[in-house]
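Values below: every heavy atom of this structure, side chains too, minus hydrogens, waters and symmetry copies.
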Amino acid sequence: MSLYTIKAILILDVDGKRLCAKYYTNDLPTFKEQEAFEKKLFAKTSKANSEIFIWENLVAVYKSTADVYFYVLGSSEENELLLMGVVNGIMETVTRLLQNQIDKRTMLENLDYVMLTVDEVCDRGIIFEIDPDVLVKRVAMKSADTEVPIGEQTLSQFISGFKQAILKG
């Protein structure tokens with residue numbers, strides 16, 4: 001058993017297209033190979049009745065919401081319960097950060113929170129944290145530290161900052 005337990009963390013939409021992906025091995029080095037793999041994985045899971053299955057020498061664990069699929073992939077020798085804990089931790093953290101609005105549009109608008117969550121859970125395939133309470137605090141703390149200059153803000157970031165400034169007085 002190795003510390004490098006995660007091969008990839010993927011978040012796909014209902015069409016099998018990537019919203020967020022982190023690959024921790026060089027098994028699929030090009031974007032085209034990754035995209036083809038993601039389409040095959042989605043085709044397999046959209047018809048499956050279970051949340052855990054072995055496919056192409058990988059253990060794939062996933063959960064889905066209305067239009068978003070969360071995947072964690074490990075080697076075929078990995079503990080499925082550990083991988084399920086990772087996918088549950090990511091999904092619960094993102095759910096809390098996005099105030100129970102887990103849909104494609106909301107996730108794309110808040111991709112910074114999603115990416116920070118994935119980074120806090122796993123680094124280079126090593127699991128660091130899966131507790132949603134701890135993850136929410138870490139992600140919220142990091143996003144508060146990274147103040148975006150006004151010229152680089154999205155419209156929603158600008159409006160949110162403007163509202164907060166008015167409420168403060």
Side-chain angles (χ1 to χ4, degrees), residues 1-14 16-29 31 33-35 37-38 41-42 44-46 48 50-148 157:
M1 187 164 194
S2 169
L3 284 174
Y4 301 95
T5 55
I6 306 288
K7 299 267 187 191
I9 297 175
L10 309 171
I11 303 174
L12 306 177
D13 67 8
V14 291
K17 294 188 176 154
R18 178 188 298 191
L19 300 177
C20 171
K22 281 280 218 171
Y23 287 88
Y24 300 105
T25 65
N26 289 328
D27 296 341
L28 301 166
F31 177 75
E33 290 174 324
Q34 292 173 1
E35 190 176 41
F37 174 79
E38 291 164 11
L41 177 67
F42 179 76
K44 177 82 172 168
T45 57
S46 64
S50 66
E51 295 177 336
I52 301 171
F53 63 94
I54 296 177
W55 179 65
E56 292 190 8
N57 289 329
L58 295 170
V59 173
V61 177
Y62 76 99
K63 286 201 167 248
S64 63
T65 63
D67 63 351
V68 179
Y69 286 75
F70 294 81
Y71 295 90
V72 175
L73 307 173
S75 71
S76 58
E77 295 88 36
E78 259 338 301
N79 182 336
E80 297 89 0
L81 295 175
L82 180 63
L83 298 177
M84 184 57 83
V86 172
V87 80
N88 286 335
I90 292 171
M91 193 169 173
E92 178 64 28
T93 302
V94 171
T95 300
R96 290 182 190 180
L97 289 168
L98 302 183
Q99 300 169 353
N100 295 323
Q101 294 182 1
I102 302 296
D103 57 69
K104 179 181 176 178
R105 183 185 61 78
T106 305
M107 289 194 57
L108 288 173
E109 287 175 356
N110 296 283
L111 198 55
D112 54 340
Y113 285 138
V114 176
M115 293 298 293
L116 278 171
T117 299
V118 170
D119 287 343
E120 286 295 324
V121 167
C122 185
D123 184 29
R124 292 177 282 159
I126 301 172
I127 300 168
F128 284 120
E129 184 64 63
I130 61 173
D131 181 8
D133 295 328
V134 174
L135 290 168
V136 167
K137 289 177 186 173
R138 286 185 184 174
V139 170
M141 180 175 61
K142 283 192 176 187
S143 64
D145 289 345
T146 57
E147 190 67 32
V148 180
Q157 288 172 322

Approximate separation, where rounding is to 0.5 Å, of Lys104 NZ and Leu12 CG: 10.5 Å
Would you sort out whether Glu129 and Glu120 count as a side chain to side chain contact (heavy atoms under 4.5 Å, CB included), showing the intermediate values? CA-CA 7 Å; Glu129 184 64 63; Glu120 286 295 324; 6.0 Å; no
Answer yes or no: is there a donor N or O on one side and an acceptor on the other, between the side chain of Glu56 and the main chain of Leu58, under 3.5 Å? no
Chi angles and distances behind the side chain to side chain contact (heavy atoms under 4.5 Å, CB included) call for Val118, Cys20: CA-CA 9 Å; Val118 170; Cys20 171; 4.3 Å; yes
Rounded to the nearest 0.5 Å, what separation is found between the CG atom of Asn110 and the CG atom of Leu97? 8.5 Å
About how many Å separate CD of Glu33 and CD of Glu38, when rounded to the nearest 0.5 Å? 12.0 Å
Closest heavy-atom contact between Phe128 and Asp123? CE1-CB, 3.0 Å
Criterion side chain to side chain contact (heavy atoms under 4.5 Å, CB included) on Lys17 and Glu35, from CA distance to verdict: CA-CA 8 Å; Lys17 294 188 176 154; Glu35 190 176 41; over 6 Å; no
Given 3.5 Å as the limit, does a donor-acceptor pair link the side chain of Asn26 with the main chain of Pro29, or not? no
Check whether any side-chain N or O of Gln34 sits under 3.5 Å from a backbone N or O of Leu28 as a donor-acceptor pair, and report yes or no. yes
Side chains of Lys22 and Cys122 in contact at under 4.5 Å (non-hydrogen atoms): no
Would you sort out whether Ile6 and Val86 count as a side chain to side chain contact (heavy atoms under 4.5 Å, CB included), showing the intermediate values? CA-CA 9 Å; Ile6 306 288; Val86 172; 4.2 Å; yes
Taking only residues two or more places apart in sequence or in another chain, which ones pass ring pair (Phe, Tyr, Trp, His ring centres under 6.0 Å) with Tyr23? none
Do Phe70 and Tyr62 have ring centroids that are under 6.0 Å from one another? no
For Tyr113 and Thr93, test the side chains for any donor-to-acceptor distance below 3.5 angstrom and give the result as yes or no. no
Could you tell me whether Asp67 and Arg105 make a salt bridge, using a distance below 4.0 angstrom between a side-chain N and a carboxylate O? no
Can you spot which of Phe42, Trp55, Phe31 makes a ring-ring contact (aromatic ring centres under 6.0 Å, His included) with Phe37? Trp55
Evaluate the salt bridge (Lys or Arg N to Asp or Glu O under 4.0 Å) criterion for residues Lys63 and Glu51: first the C-alpha distance (whole Å), next the side-chain angles of each, then the deciding distance (0.1 Å), finally the verdict. CA-CA 6 Å; Lys63 286 201 167 248; Glu51 295 177 336; 3.8 Å; yes
Checking the side chain of Thr45 only, and the main-chain atoms of Leu41 only, is there a donor and an acceptor separated by less than 3.5 Å? yes
Closest non-hydrogen atom pair, Glu78 against Val59: O-CG2, 4.2 Å
Considering non-hydrogen atoms only, spot the tightest contact between Met84 and Ile52 and give its length. CE-CG1, 3.7 Å
Taking all atoms of both residues into account, what is the closest heavy-atom pair of Tyr69 and Asp13, and its distance? CD1-O, 4.1 Å
